Number of protein chains: 2
Amino acid sequence: MPSLKAEQNLKARANLFKALGNPTRLLIVNLIRLSPRHTEELASILKLSPGTISHHLSTLSEAALLESKKEQYYVSYSLIPGVLDIKLEEMVSMSQPGLEQSVEKDAFKDKVMRAFFERGRLLQIPTQQKKLHVVLEEIAKAFDPDKSYTEREVNIIIADFHDDFATLRRELINFNYMTRSKDGMSYRLRS
Amino acid sequence: MPSLKAEQNLKARANLFKALGNPTRLLIVNLIRLSPRHTEELASILKLSPGTISHHLSTLSEAALLESKKEQYYVSYSLIPGVLDIKLEEMVSMSQPGLEQSVEKDAFKDKVMRAFFERGRLLQIPTQQKKLHVVLEEIAKAFDPDKSYTEREVNIIIADFHDDFATLRRELINFNYMTRSKDGMSYRLRS
DNA sequence: AATTTAATTTGACAAATATAAAATTATATC
DNA sequence: GATATAATTTTATATTTGTCAAATTAAATT
């Protein structure tokens, strides 16, 4: 089940950014970056209560940015070495190139399909290009990729979806879902 | 007035991170990264209302991550090219190495000074090393860097701060604020 | 010009966050 | 073992945030 893991991942990424997405915590990271610090010291530098600083430090630690070490009376916090040595791009990008793409297409497509089709019939031809593409793609599925068709055959197949087969046939060619032979006599799916 | 500018900067940085610090917005960035998208499309993919998506898109735009362009009925959003091509380190680091450092030291020092000194007198010798250092540094200022002192002279000067001049003198040597000559007859500030 | 439609803005609300103050915990120093 | 002290946790509160639904705006198609 990659989706669960992906979601975990997503949250973890977001938390890293969220941890850095606060002025006080950015200051803390910058102070700590120069030399390790303890809670009280940071509190007095930033003029916030130790409790508040402690809270911020734990947020940063949970985001896997800081490490700490008991030192005399104090807990000394420091940046985990190399933790900032990464590109924003790497932090942001999810690795599932396929998954997301399919999720998205299906969702948008579903919406359009529900809106424009009813029991296999196309209710109307969408004006909007993005929706039209969904419709054309669906109609294209009715053709066999290995066969070529006469115009009349094409019309009949399209007419199962909608009466205005002429417009739809034109759009299929227009947007390159189908191609017409040079002599204009036969049609087939774009290979 | 560099501090105002620094603060602006600080907030802008934090906002960039904050913009990315939300799972929905991370998904949006990832979807947009692959190909430009419009609001409704994202809404249907992510199953959130158009209003919500619009809000997220404006957050991302304010963080200078997205650009948009009207296209047919739609507003097509895309990532500003190269915007993610930067190290986390560069995003986090503030450039004022001096400023911050002085702010911090003064703040912590001030707190210790107020706690341990009263009208120039040291109320007690701090147990804690970090505080002791602040105190020793302060006492060290009473010596002329160009002069050397007999032990008796050192004692007299320290006695102005606190009766237990012997301990303080020992700590000054201990922590290398002052050095004692080989013959043990003269003291001076660490050069 | 009228109509359609995507996008944005507004209003409302529940959830999350940043903060201080106080209580508690954990650990050094004596 | 008692005491001192930094750190953390808890409680409380004001602010910010994410979301939806509804109203409004802006713009393209008719």
Side-chain angles (χ1 to χ4, degrees), chain A residues 10-11 14-15 17-28 36-63 66 68-77 108 111-112 115-116 124-132 167, chain B residues 10-11 14-15 17-28 36-63 66 68-77 108 111-112 115-116 124-132 167:
Chain A
L10 179 67
K11 238 178 194 169
N15 279 341
F17 284 120
K18 197 158 25 166
L20 294 171
N22 169 283
T24 298
R25 285 194 293 268
L26 267 189
L27 282 173
I28 290 175
R37 310 276 181 173
H38 60 266
T39 311
E40 233 204 9
E41 194 178 1
L42 290 166
S44 94
I45 292 169
L46 297 172
K47 289 168 186 160
L48 292 169
S49 76
T52 299
I53 296 297
S54 183
H55 161 250
H56 284 312
L57 288 170
S58 86
T59 299
L60 289 166
S61 299
E62 270 161 40
L66 302 186
S68 63
K69 163 181 159 210
K70 189 90 187 174
E71 227 174 47
Q72 216 197 349
Y73 257 121
Y74 309 91
V75 176
S76 173
Y77 284 88
F108 180 61
K111 193 193 161 188
V112 174
F116 285 88
Q124 69 176 152
I125 301 174
T127 301
Q128 294 164 48
Q129 265 189 34
K130 299 227 174 189
K131 293 180 181 173
L132 180 58
T167 297
Chain B
L10 177 67
K11 238 179 193 164
N15 280 339
F17 285 120
K18 198 161 22 169
L20 293 171
N22 168 281
T24 299
R25 284 194 296 268
L26 267 189
L27 282 173
I28 291 175
R37 311 276 182 172
H38 60 266
T39 312
E40 233 203 9
E41 193 177 1
L42 290 167
S44 95
I45 293 168
L46 297 173
K47 294 172 183 155
L48 291 170
S49 75
T52 300
I53 296 297
S54 184
H55 163 248
H56 284 311
L57 287 171
S58 86
T59 299
L60 289 166
S61 298
E62 270 161 41
L66 303 185
S68 64
K69 163 182 157 207
K70 187 90 188 173
E71 226 174 48
Q72 219 197 344
Y73 259 121
Y74 309 91
V75 176
S76 173
Y77 284 88
F108 181 61
K111 193 194 162 188
V112 174
F116 284 89
Q124 68 176 150
I125 300 174
T127 304
Q128 296 163 47
Q129 265 190 35
K130 299 225 174 191
K131 293 178 181 176
L132 180 58
T167 297

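To find a chain, count down the sequence lines: A is the first, B the second, and so on, and within it residues start at 1. Quick caveat, the model's predicted, so the values are computed rather than measured.
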List for me each residue that meets side-chain contact (heavy atoms from CB on, under 4.5 Å) alongside [X], sequence neighbours excluded, and say none if there are none.
{"X": "B:T52", "answer": "B:L48, B:S49, B:H56"}
{"X": "B:P50", "answer": "B:A43"}
{"X": "A:T59", "answer": "A:A19, A:R25, A:H55"}
{"X": "A:S76", "answer": "A:P36, A:E71"}

Contacts of A:S61 meeting side-chain hydrogen bond (donor to acceptor under 3.5 Å, both in side chains) (sequence neighbours excluded), chain-then-number -> none
For B:S58, the side-chain hydrogen bond (donor to acceptor under 3.5 Å, both in side chains) test, sequence neighbours excluded, returns none
Atom [atom1] of [X] to atom [atom2] of [N]: distance rounded to whole Å?
{"X": "B:R37", "N": "C:dA7", "atom1": "CZ", "atom2": "P", "result": "13 Å"}
{"X": "B:K11", "N": "C:dA18", "atom1": "NZ", "atom2": "C1'", "result": "13 Å"}
{"X": "B:K69", "N": "D:dA26", "atom1": "NZ", "atom2": "P", "result": "22 Å"}
{"X": "B:E62", "N": "C:dT8", "atom1": "CD", "atom2": "P", "result": "12 Å"}
{"X": "B:L132", "N": "D:dT5", "atom1": "CG", "atom2": "P", "result": "14 Å"}

For the [atom1] atom of [X] and the [atom2] atom of [Y], what is their distance to the nearest 0.5 Å?
{"X": "B:F17", "Y": "A:K18", "atom1": "CZ", "atom2": "NZ", "result": "15.0 Å"}
{"X": "A:L20", "Y": "A:N15", "atom1": "CG", "atom2": "CG", "result": "11.0 Å"}
{"X": "B:T167", "Y": "B:I125", "atom1": "OG1", "atom2": "CD1", "result": "5.0 Å"}
{"X": "A:I28", "Y": "A:L60", "atom1": "CD1", "atom2": "CG", "result": "6.0 Å"}
{"X": "A:Y77", "Y": "A:H38", "atom1": "OH", "atom2": "NE2", "result": "11.5 Å"}

When the rotation axes relating C1' atoms of four end pairs to the next four are compared across the helix from C:dA1-D:dT30 to C:dC30-D:dG1, five pairs an end, they differ to 10° by 40°
Distances for protein N/O vs nucleotides 4-6 of chain C N/O pairs under 3.5 angstrom?
{"from": "C:dT4", "atom 1": "O2", "to": "B:Y73", "atom 2": "OH", "distance (Å)": "3.1"}
{"from": "C:dA6", "atom 1": "OP1", "to": "A:Q128", "atom 2": "OE1", "distance (Å)": "2.6"}
{"from": "C:dA6", "atom 1": "OP1", "to": "A:Q128", "atom 2": "NE2", "distance (Å)": "2.7"}
{"from": "C:dA6", "atom 1": "OP1", "to": "A:K131", "atom 2": "NZ", "distance (Å)": "3.0"}
{"from": "C:dA6", "atom 1": "OP2", "to": "B:E40", "atom 2": "OE2", "distance (Å)": "3.3"}

Nucleotide N/O of nucleotides 11-15 of chain C paired with protein N/O under 3.5 Å:
none

What one should report as the nearest heavy-atom pair of B:V75 and B:K70 is CG2-CD, 4.1 Å
Grab the N/O contacts between the protein and nucleotides 17-20 of chain D below 3.5 Å, and write none if there aren't any.
{"from": "D:dT17", "atom 1": "OP1", "to": "B:K18", "atom 2": "NZ", "distance (Å)": "3.0"}
{"from": "D:dG18", "atom 1": "OP1", "to": "B:N22", "atom 2": "ND2", "distance (Å)": "3.0"}
{"from": "D:dG18", "atom 1": "OP1", "to": "B:R25", "atom 2": "NH2", "distance (Å)": "3.4"}
{"from": "D:dG18", "atom 1": "OP2", "to": "B:R25", "atom 2": "NH1", "distance (Å)": "3.2"}
{"from": "D:dT19", "atom 1": "OP2", "to": "B:H56", "atom 2": "NE2", "distance (Å)": "2.5"}
{"from": "D:dC20", "atom 1": "OP2", "to": "B:S49", "atom 2": "N", "distance (Å)": "2.9"}
{"from": "D:dC20", "atom 1": "OP2", "to": "B:S49", "atom 2": "OG", "distance (Å)": "3.2"}
{"from": "D:dC20", "atom 1": "OP2", "to": "B:T52", "atom 2": "OG1", "distance (Å)": "2.8"}

Is the shortest heavy-atom distance from the side chain of B:R37 to the side chain of B:L42 under 4.5 Å?
yes
